Amino acid sequence: MKFNKWFSKAATATVATTLLLGGGVQAFAEENDASDLKTDNAFTQITRNDMLNIFKQQGKEKYEVPSFDASTIKNIPSAIGRDSSGKLTDFDVWDSWPLQNADGTVANYKGYNIVFGLAGDPKRAEDTFIYLFYQKAGNTSLSGWKNAGRVFKDNDKLLANDPILKNQSEEWSGSATLTSDGQVRLFYTSRQPFEPSNQLYGKQTLSTAQINVSQPDDKTLKVDGVEDLKSIYDGGDGKTYQNVQQSVGIDMDNHTFRDPHYVEDQGHKYIIFEANTGTETGYQGEDSLQNPAYYGGNKKFFTEEQQNLLQSPKKKGAELANGALGIVELNDDYTLKNVMPPLIASNLVTDEIERANVFKMNGLWYLFTSTRGSKVTVDAIGDDDIYMLGYVSTSLTGPYKPLNGTGLVLHQDLDRDDITWTYAHFAIPQGKGNNVVVSSYMTNRGLFPDHKSTFAPSFLLNIKGSKTSVVKNGILEQGQITIDPTNDKKESPNEYGKNISKYM
């Protein structure tokens, strides 16, 4: 096992660090049972102890996704396309993201708000492509969203003359920014097919393009083709982030390399993305079971939880669990400049921490990710559990500390067949105040004849320092991404009657 070469040299050595640098279990001999195991790892670990503490927190109203009235939920009226026979049909729309300014706030493009979303025929899972929806700024109704159609034409990937994109079969989620010169720049995940006979293994690659958007009249936006379509990064040599070749042939290995989220800081361009740790940043495998940094807690917890895991049917999945939120720096032309160590990793917990989302708010950086209980290897977490986890730092590059003590921000545990089941929660800063809008999608694909995957009702989340809470009575319209800033005071009251402490 190779260990993270970015370990800090400044902090006092702890038992966990001793083990990470080559010590044995006997190093615990002088460690007090009650003391927390710490690590000098340069990035944050989502530990098994965190997940068990999250299990204890879930159910509290301030962390629960609000309940929605199923009878009020509607399909997006403009989400219509053609099925495989050419017949018009209602489309599913799931992961979506707004066109944002460099600071994360919703961009105003010629008087419109723009949302990109994954959409497709409910009867064809492989029909997964990016569409552009637009709405007059200030209009918050579901019916206000119009559909400009699919962003890319089928031959765009061939015209790009890119060796990775030429084999693209699907388009997966990402982010979009309005550049300083007024251009729409999309970042997305190019996904190749899984065709082992052709040496294609479903590779996911961070990619980008300039989307040309015109305004034929004062009521319409139109996609007028794309420029500068290119792949950016696919994991490279696998040392910092696992590449797809490293997962080929390994049963149960869930390789992820997707959801690029663009952000700027002090004149530098970055992408934060979902990945898995590489061979030099804490890799997967049986050795992971011996690393106390992945367990968290104290000596007693490590000993007991390790023994439980060794006997658990989830042991194999835990060995392979090495989810991460990665970061790379870009050149001004949006090509790869610098591969950086992860911001967060979830070794021994889950392979999947999705929908990377980061922004600066009130002087602090907030980092969010979504994950599914069905992918988590901790016994207490159920298959129906859905989470948005969050972290805070004084710097974009960390280190990050978990919000609310454990990282829990949002939880839902509805049956996946419920119409009001939601996922892919995405926090959108509003530019002032302490409330952000949380958007998501609702209803799994193909389950109901009349209900499609659709924009879920958004809701407000209050963020203050290292604490968050769902705002009572803060449910908004389906697909709403902005609020009137005059309704969001600079110092929003804590809806739950407790003091929200400052970040320490």
Side-chain angles (χ1 to χ4, degrees), residues 76 78-84 91-100 114-134 147-177 184-195 200-213 222-235 244 255-262 271-275 334 352 354-357 370 423-424 426 441 445 452-455:
I76 304 166
S78 62
I80 298 174
R82 297 191 182 276
D83 62 17
S84 57
F91 267 17
D92 282 322
V93 181
W94 53 107
D95 291 16
S96 66
W97 57 95
L99 176 66
Q100 295 173 288
I114 289 176
V115 158
F116 294 90
L118 302 185
D121 182 351
K123 297 180 180 178
R124 293 188 294 141
E126 71 280 5
D127 188 24
T128 299
F129 300 105
I130 299 172
Y131 286 70
L132 187 153
F133 297 87
Y134 62 98
N147 182 4
R150 188 178 160 191
V151 169
F152 296 105
K153 296 182 176 66
D154 285 335
N155 66 341
D156 283 338
K157 65 184 181 184
L158 302 176
L159 296 175
N161 195 29
D162 185 293
I164 293 177
L165 299 185
K166 70 178 183 179
N167 290 314
Q168 176 178 288
S169 62
E170 297 178 17
E171 300 151 9
W172 288 3
S173 67
S175 62
T177 189
V184 176
R185 171 62 61 167
L186 174 68
F187 299 87
Y188 77 103
T189 309
S190 172
R191 199 254 182 179
Q192 294 182 346
F194 189 81
E195 298 175 356
L200 297 173
Y201 302 97
K203 181 164 77 168
Q204 303 154 49
T205 303
L206 312 181
S207 305
T208 188
Q210 177 180 302
I211 311 303
N212 297 327
V213 181
K222 179 183 178 183
V223 177
D224 272 339
V226 304
E227 296 180 34
D228 196 32
L229 174 58
K230 59 195 175 190
S231 59
I232 300 174
Y233 183 48
D234 64 356
V244 71
H255 180 255
T256 69
F257 208 88
R258 55 182 179 252
D259 301 350
H261 184 86
Y262 179 81
I271 289 177
I272 317 296
F273 56 97
E274 176 187 1
Y334 305 104
E352 254 187 30
E354 305 189 283
R355 296 282 280 171
N357 180 16
S370 294
Y423 190 60
F426 191 86
Y441 77 89
R445 298 186 69 182
K452 312 304 177 188
S453 297
T454 184
F455 295 156

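Bear in mind the structure is a predicted one, so any value in this text is a computation, not a measurement. As a basis for the values below, the full set of heavy atoms in this structure was taken, side chains included, without hydrogen atoms, waters or symmetry mates.
Closest of all the heavy-atom pairs between Glu274 and Arg355 is OE1-N, 4.5 Å. Trp97 approaches Gly117 most closely through the heavy-atom pair CZ3-CA, 4.5 Å. Closest heavy-atom contact between Ser175 and Leu186: O-CD1, 3.4 Å. Val115 and Ser96 get closest at one heavy-atom pair: CG1-CB, 3.7 Å.
Other residues, nucleotides and ligands contribute at most 12 non-hydrogen atoms within 6.0 Å of the NZ atom of Lys222.
In this structure, the side chains of Tyr131 and Phe116 stay at 4.5 Å or more apart for every pair of heavy atoms. Looking only at side-chain heavy atoms (C-beta outward), Ser370 and Tyr423 come within less than 4.5 Å of each other. Proximity of Thr128 to Trp94: side-chain heavy atoms (C-beta onward) are separated by under 4.5 Å at one or more points. The shortest side-chain heavy-atom distance between Val213 and Asp224 does not fall under the 4.5 Å cut-off. Residues Gln168 and Leu229 are not in side-chain contact: their nearest non-hydrogen atoms beyond the backbone lie 4.5 Å or more apart. Residues Phe152 and Glu171 meet the side-chain proximity criterion, which asks for heavy atoms closer than 4.5 Å. Annotation: side chain of Pro98 is in contact with side chain of Phe426 (closest heavy-atom distance under 4.5 Å). In this structure, Val244 and Gln204 have side chains that are not in contact, with every pair of non-hydrogen atoms separated by 4.5 Å or more.
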Inset, instruction - Show the numbers, then the answer: is there a side-chain contact (heavy atoms from CB on, under 4.5 Å) between Ile130 and Leu118? - result: CA-CA 5 Å; Ile130 299 172; Leu118 302 185; 3.7 Å; yes
Legend entry - Phe133/Val93 under side-chain contact (heavy atoms from CB on, under 4.5 Å): CA gap, chis, key distance, verdict: CA-CA 11 Å; Phe133 297 87; Val93 181; 3.9 Å; yes
Inset, instruction - Any chance you could lay out the side-chain contact (heavy atoms from CB on, under 4.5 Å) test for Lys157 and Asp162, step after step, and finish with the verdict? - result: CA-CA 7 Å; Lys157 65 184 181 184; Asp162 185 293; over 6 Å; no
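Put simply, the side chain of Ser169 gets close to the backbone of Arg191: a donor and an acceptor are under 3.5 Å apart. A distance-only check finds no donor-acceptor pair linking the side chain of Glu126 to the backbone of Glu170 [under 3.5 Å].
For the atom pair CD1 (Ile80) and CZ (Phe91), the distance works out to 10.0 Å, reported to the nearest 0.5 Å. For the atom pair CG (Leu132) and CZ (Arg150), the distance works out to 13.5 Å, reported to the nearest 0.5 Å.
Side-chain contact of Ser173 with Arg258: a donor-acceptor pair under 3.5 Å is absent, judged by distance alone.
Checking Leu206, Thr256, Asp259, Ile232 one by one against Phe273, the side chain to side chain contact (heavy atoms under 4.5 Å, CB included) holds for a single residue, Leu206. Checking each of Arg124, Arg445, Lys123, Lys452 against Asp92 for a salt bridge (Lys or Arg N to Asp or Glu O under 4.0 Å) leaves exactly one that passes, namely Arg445.
His255 and Phe257 have parallel rings, their planes meeting at less than 30° on a 0 to 90° scale where 60° marks the start of perpendicular. Ring orientation note: the planes of Tyr334 and Phe187 are nearly perpendicular, at an angle over 60° on the 30°/60° scale.
For Ser207, the side-chain contact (heavy atoms from CB on, under 4.5 Å) partners two or more places apart in sequence, or in a different chain, are Leu165, Tyr188, Ser190, Thr205, Ser231. A search for side-chain contact (heavy atoms from CB on, under 4.5 Å) contacts involving Lys166 returns Leu158, not counting sequence neighbours. Contacts of Lys153 classified as side-chain contact (heavy atoms from CB on, under 4.5 Å), with partners at least two apart in sequence or in another chain: Asn155, Asp156. For Asp83, the side-chain contact (heavy atoms from CB on, under 4.5 Å) partners two or more places apart in sequence, or in a different chain, are Ser85, Lys87, Thr89, Asp121. Partners of Asn147 by side-chain hydrogen bond (donor to acceptor under 3.5 Å, both in side chains), not counting sequence neighbours: none found. Taking Asp234 as the reference, Lys203 meet the salt bridge (charged side-chain N to carboxylate O under 4.0 Å, His left out) condition, with sequence neighbours excluded.
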